[in-house]
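For reference, the structure discussed in these notes is given below.
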2 protein chains.
Amino acid sequence: MTDEGRRNVRDLRRANRARLLRQLYFHGPLSRQDLIQATGLSSASVSNVVADLLDAGLVVEAGAVESEGGRPRILLRVDTSCFEVIGIDVGETRIRLERFDLGLGELAALDLPVVGGSLDQEAVVTAIAAGLAELSADAAAPLLGVGIGVPGIVQHQPYAVVHGQTVGWDAFPLEERLREHTALPLFIDNGATTMAQAEMWFGAGRDADSAVFLLLGSGAGASVIADGAPFRGSTTSAGEWGHLNVQYQGRLCRCGARGCLEAYVGAEAVIARHAEAAQTAGAAGIDAADEEEALRLILATAEQSGPAGDAARSVLDETAVRIGVGIANVVNFLNPQRVIIGGWAGLALAPVLLPQIREVVREHALRLPYSLTSIDLGALGADAVARGAATLPVARLLEAGA
Amino acid sequence: MTDEGRRNVRDLRRANRARLLRQLYFHGPLSRQDLIQATGLSSASVSNVVADLLDAGLVVEAGAVESEGGRPRILLRVDTSCFEVIGIDVGETRIRLERFDLGLGELAALDLPVVGGSLDQEAVVTAIAAGLAELSADAAAPLLGVGIGVPGIVQHQPYAVVHGQTVGWDAFPLEERLREHTALPLFIDNGATTMAQAEMWFGAGRDADSAVFLLLGSGAGASVIADGAPFRGSTTSAGEWGHLNVQYQGRLCRCGARGCLEAYVGAEAVIARHAEAAQTAGAAGIDAADEEEALRLILATAEQSGPAGDAARSVLDETAVRIGVGIANVVNFLNPQRVIIGGWAGLALAPVLLPQIREVVREHALRLPYSLTSIDLGALGADAVARGAATLPVARLLEAGA
DNA sequence: TGACTTAGTTCGAGACGTGATTTAACCTGT
DNA sequence: ACAGGTTAAATCACGTCTCGAACTAAGTCA
């Protein structure tokens with residue numbers, strides 16, 4: 001009903017090995033004594049399991065702690081060079097592939113532009129296949145697997161199928177298609193989820209066990225972490241924060257409904273709203289090559305005085321309000337420990353809008369959950385999605401303990 | 001980091017015993033063969049563990065299946081008479097106590113009106129204490145514990161403290177206060193959560209493992225079930241569905257913010273909006289003794305033609321729209337398997353409004369999650385909260401397996 | 001009555017975790 | 001240099017667990 005596995009003594013061993021490995025992975029070099037403390041296992045068992053892990057080559061000794069009269073403790077750490085992983089960020093405008101060591105230290109990277117601007121399924125498959133071949137060619141250790149973050153809902157049935165309403169993917173069987181090009185284990189998940197995973201492991205979510213990550217890019221998504229694990233709905237499509245309705249009969253959203261948050265706060269929406277506002281104000285529009293530049297220009301315009309600046313400011317003010325309301329909804333409904341804003345547009349907008357956003361949240365959220373939440377920027381840069389994707393094979397390793 | 005326990009072989013046994021017990025509890029009388037299938041354990045272990053449970057008196061034999069040529073299978077079932085539990089629903093206007101057997105069959109009940117209509121803390125404590133004494137006096141089996149559903153946020157620190165903004169409780173240390181009057185194990189939780197628990201075990205949530213239960217009463221709350229267990233935020237105050245913002249700068253809510261869902265869809269809000277609409281339309285207002293009657297009258301008025309009927313209909317139409325939008329938000333953001341509408345106001349409104357609500361949800365939700373969700377009424381009556389509260393001690397027994 | 005079939009129990013083997021004991025490694029002071 | 005003290009890690013003996021196989025129990029069918 002709830003948890004599978006863990007029936008016989010062998011599973012028990014696996015679970016304990018996983019527990020130790022996890023502790024070592026996340027809490028740096030530790031001595032066996034520390035592990036006894038942290039896991040509650042007996043010293044005999046820790047010795048035993050550690051011997052296993054040393055044999056397997058997953059863990060190595062890492063010096064010793066200075067003695068204070070007795071035998072010094074030997075430190076242990078995960079051997080981050082014993083495996084490598086590949087993480088892929090399939091974005092709406094480019095595909096980024098990175099190769100990491102087991103500790104998620106970056107070893108190599110590759111940026112592939114998507115031709116024509118539209119995310120053609122065939123093009124994506126061949127691009128990923130080519131990138132994988134190139135990146136895995138000069139790996140110095142066995143590749144544990146490939147994690148892929150995609151812009152859409154991922155269903156495992158049992159092979160990953162992607163529904164990307166915004167990029168025109170309808171039940172795109174990505175895993176099966178890639179199977180033709182690689183034998184590596186594939187782990188496919190929503191990009192917002194992988195970003196959240198990266199922030200939870202190495203960024204703004206460290207040491208929290210419940211958080212909500214908002215991904216503001218062209219559109220707006222989210223990923224909910226509850227009790228340290230991503231919350232997936234019944235069909236793993238939870239987290240569609242951008243399609244919360246915040247205004248009945250409001251702006252038309254690209255999903256077809258009216259009044260979605262995404263119709264106000266995604267980069268695409270901000271740019272569209274600015275174009276309208278500028279026209280109304282009789283100010284000049286923005287002329288930019290891509291969305292990132294357009295957003296930068298809007299932010300710059302808002303610094304100016306005059307009608308153009310007023311128009312930009314009013315657009316940004318409303319953006320802050322809508323984001324704030326969207327966050328207040330999340331705070332009230334899910335009561336997370338932290339709310340983290342990420343995604344390229346979020347990272348561009350939030351530094352300017354954060355004070356306003358916080359104020360709007362305060363006005364719209366219930367006192368108790370609001371007082372127990374923090375609202376901050378993501379700590380990882382633009383490669384958080386790829387890095388988070390790479391955590392997927394690593395997470396599997398940590399769970400299996402082998 | 002995640003799960004405690006389950007370190008040594010003894011814990012393993014406990015877990016397996018719990019697994020079997022749970023299976024027997026929820027899936028009726030089963031033979032040992034069925035249990036082998038269901039749990040994946042070997043026949044030897046099943047025999048072994050079943051012998052334990054038989055010895056402990058938790059499980060008894062329940063006849064045999066007709067043979068088809070071989071030795072007949074002996075059926076086993078949980079002995080529902082070996083323990084009793086008490087469930088308490090602390091409502092805004094009355095306290096209901098019920099005594100159940102282990103299978104949640106009702107054995108006795110007690111309704112205590114709350115004097116003066118306000119939920120005075122002292123009065124609640126003494127009422128519960130008196131009710132407990134009366135109910136436990138003629139129990140035929142040992143009492144496993146007492147579950148209490150309360151109108152507010154419950155924090156365990158480590159003794160349950162209740163924050164009931166709507167009933168004027170501010171950090172009410174209910175558990176400690178009751179400790180003075182009883183030695184029985186106490187389990188205190190939010191009333192919406194216990195109702196959801198009851199529906200999950202015996203009602204509209206059976207066989208689902210993710211669902212959202214909407215509790216429409218005077219106000220509007222919710223309880224989220226994910227992977228079979230209630231989702232609690234970082235401080236157990238998740239589920240404040242009523243305070244999702246659905247209209248920027250909308251109606252004033254009693255929480256102080258503007259545009260909360262609760263300002264449109266709770267019974268209190270519906271009645272207030274109808275009063276305004278009737279006045280505008282020049283129709284007669286509603287004159288009722290309490291909210292339940294008022295709501296009934298509004299529903300009846302909507303059947304009439306003429307301005308009064310038009311006014312009532314428009315109020316109900318908007319109610320359906322707001323509920324629908326609120327559900328669409330839940331569907332998009334959490335992707336539940338089922339959405340269940342409960343609470344006295346929900347049970348009164350939904351039969352009439354459900355078609356409209358479903359249509360609004362369809363318009364506002366993303367296609368994929370919408371197509372995989374059902375929206376229905378709760379299957380349990382008004383005692384769902386008390387019954388759900390009673391499940392809490394039972395759940396503890398099932399988890400411990402002893 | 002006896003062959004056959006299926007259910008449930010018993011038994012020996014293998015694996016695990018634990019506490020106690022032993023061995024290892026280092027420090028201090030003489 | 002060396003003994004005595006101290007702490008870390010490995011080993012051992014024991015009890016518990018699950019499992020597969022062998023065995024017993026309880027029916028059916030001809």
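Letters go in sequence order (proteins before strands), and every chain restarts at 1.
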Quiz item: Counting only N and O atoms by type, is there a donor-acceptor contact under 3.5 Å from the side chain of A:Y25 to the main-chain atoms of A:L102?
Solution: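 Judged by distance alone, yes, a pair lies under 3.5 Å.
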May I have the distance from [X] (atom [atom1]) to [N] (atom [atom2]), rounded to whole angstrom?
{"X": "B:Q37", "N": "C:dA7", "atom1": "CD", "atom2": "P", "result": "11 Å"}
{"X": "B:E66", "N": "D:dA26", "atom1": "CD", "atom2": "C1'", "result": "15 Å"}
{"X": "B:E61", "N": "C:dA7", "atom1": "CD", "atom2": "P", "result": "15 Å"}
{"X": "B:D34", "N": "C:dA7", "atom1": "CG", "atom2": "P", "result": "9 Å"}
{"X": "B:L30", "N": "C:dG8", "atom1": "CG", "atom2": "C1'", "result": "16 Å"}
{"X": "B:I36", "N": "C:dA7", "atom1": "CD1", "atom2": "P", "result": "9 Å"}
{"X": "A:L35", "N": "D:dA10", "atom1": "CG", "atom2": "P", "result": "12 Å"}
{"X": "A:L54", "N": "D:dA9", "atom1": "CG", "atom2": "C1'", "result": "12 Å"}

Self-check item: B:T391 side chain near B:T194 side chain, heavy-atom distance below 4.5 Å
Solution: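 No; the side chains remain at least 4.5 Å from each other.
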Quiz item: Do A:F187 and A:R396 come close enough that some side-chain heavy atom pair is under 4.5 Å?
Solution: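 Yes, side chains in contact.
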Quiz item: When you check the gap from the basic side-chain N to the acidic O, do A:R232 and A:D189 get nearer than 4.0 Å?
Solution: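 Result for this pair is yes, salt bridge flagged.
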Quiz item: Which pairs pass salt bridge (Lys or Arg N to Asp or Glu O under 4.0 Å) with one or both residues in residues 65-75 of chain A, sequence neighbours excluded?
Solution: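 Checked against salt bridge (Lys or Arg N to Asp or Glu O under 4.0 Å) - neighbours excluded - the pairs reaching residues 65-75 of chain A are A:D34-A:R73.
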Exercise. Sugar-phosphate means primed atoms, P, OP1 and OP2; the rest is base. With that split, encode nucleotides 17-30 of chain C 5' to 3' as B, S or - using protein heavy atoms under 4.0 Å.
Key: SBB----BBBS---
Quiz item: Using a cut-off of less than 4.0 Å, is there contact between a side-chain N or O of A:Q33 and OP1 or OP2 of D:dA9?
Solution: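 Yes, because at least one side-chain N or O of A:Q33 sits under 4.0 Å from OP1 or OP2 of D:dA9.
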Self-check item: Stepwise side-chain hydrogen bond (donor to acceptor under 3.5 Å, both in side chains) test for A:D101 and A:S81
Solution: CA-CA 6 Å; A:D101 63 26; A:S81 67; over 6 Å; no
